[in-house]
Amino acid sequence: MITWLVLLVIGLVVVGVVGWLLNAILKEARTIEKGAGAIWDGGKRIANNTVHVPDLIRTNHFVGRILAGVPGLHGDLERIRKHAETCPGCPQCVVGGRL
C-alpha cells in the first residue's frame with residue numbers, strides 16, 4: 001500500500017514538473033512568435049519602400065536627359081534676351097519668325 005502511495009506521489013510530482021516545463025515552453029514560443037511577427041512587419045515595410053526603387057532609377061535617367069539639354073536651352077534663352085533688348089517689334093517679330 002505504501003509503495004503505491006509513494007509511486008502516486010512521484011507520478012504527481014513528475015506530472016507537475018512536466019506541466020510546468022510545458023508552460024515555460026509555451027511562454028517562450030509566444031515570445032518568439034511576437035518577435036517573428038515584428039520582424040515580418042518590418043520586412044513588409046522595407047519591401048514596400050523598395051518597390052519604388054525602379055521608379056526612382058527611371059526618374060534619375062529622365063532628369064539626366066533633361067539636364068543634358070539645359071546648356072542648349074540656356075543658349076537659346078540668352079539669344080532671345082539679347083534680341084528682345086534691341087528689337088522694338090518684339091514679341092511680334094518672334095511670332096513672325098524673324099528671330
* Who pairs with E78 by side chain to side chain donor-acceptor pair (under 3.5 Å), at least two apart in sequence or on another chain? ->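 With neighbours one apart ignored, the set is R81.
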My understanding is that a hydrophobic cluster links ILVMFWY residues whose side chain heavy atoms are under 4.5 Å apart, including indirect links. Using that, what else belongs to the cluster containing [X]?
| X | answer |
| --- | --- |
| L7 | none |
| V51 | none |
| L77 | L73 |

* Asked: Crowded around E85 CD? As in, over 12 foreign heavy atoms under 6.0 Å?
  ->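 Yes.
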If you look only at distance, which donor and acceptor atoms sit under 3.5 Å apart when one is on a side chain in residues 57-67 and the other is two or more places apart or in another chain?
from: R58; atom 1: NH1; to: D55; atom 2: OD1; distance (Å): 3.2
from: T59; atom 1: OG1; to: D55; atom 2: O; distance (Å): 2.9

* Connected via hydrophobic side-chain network under 4.5 Å: V18 and I25 ->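 Not linked; separate clusters.
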* Could I get the full list of side chain to side chain contact (heavy atoms under 4.5 Å, CB included) partners for V6, not counting sequence neighbours? =>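 For V6 the side chain to side chain contact (heavy atoms under 4.5 Å, CB included) partners, ignoring immediate neighbours, are I2, I10.
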* Please, which pairs that meet salt bridge (Lys or Arg N to Asp or Glu O under 4.0 Å) have at least one residue in residues 20-29, sequence neighbours excluded? ->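 Qualifying pairs: none.
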Quick one: side chains of residues 39-48, donor-acceptor pairs under 3.5 Å with protein atoms, not counting sequence neighbours, listed by atom name and distance.
none

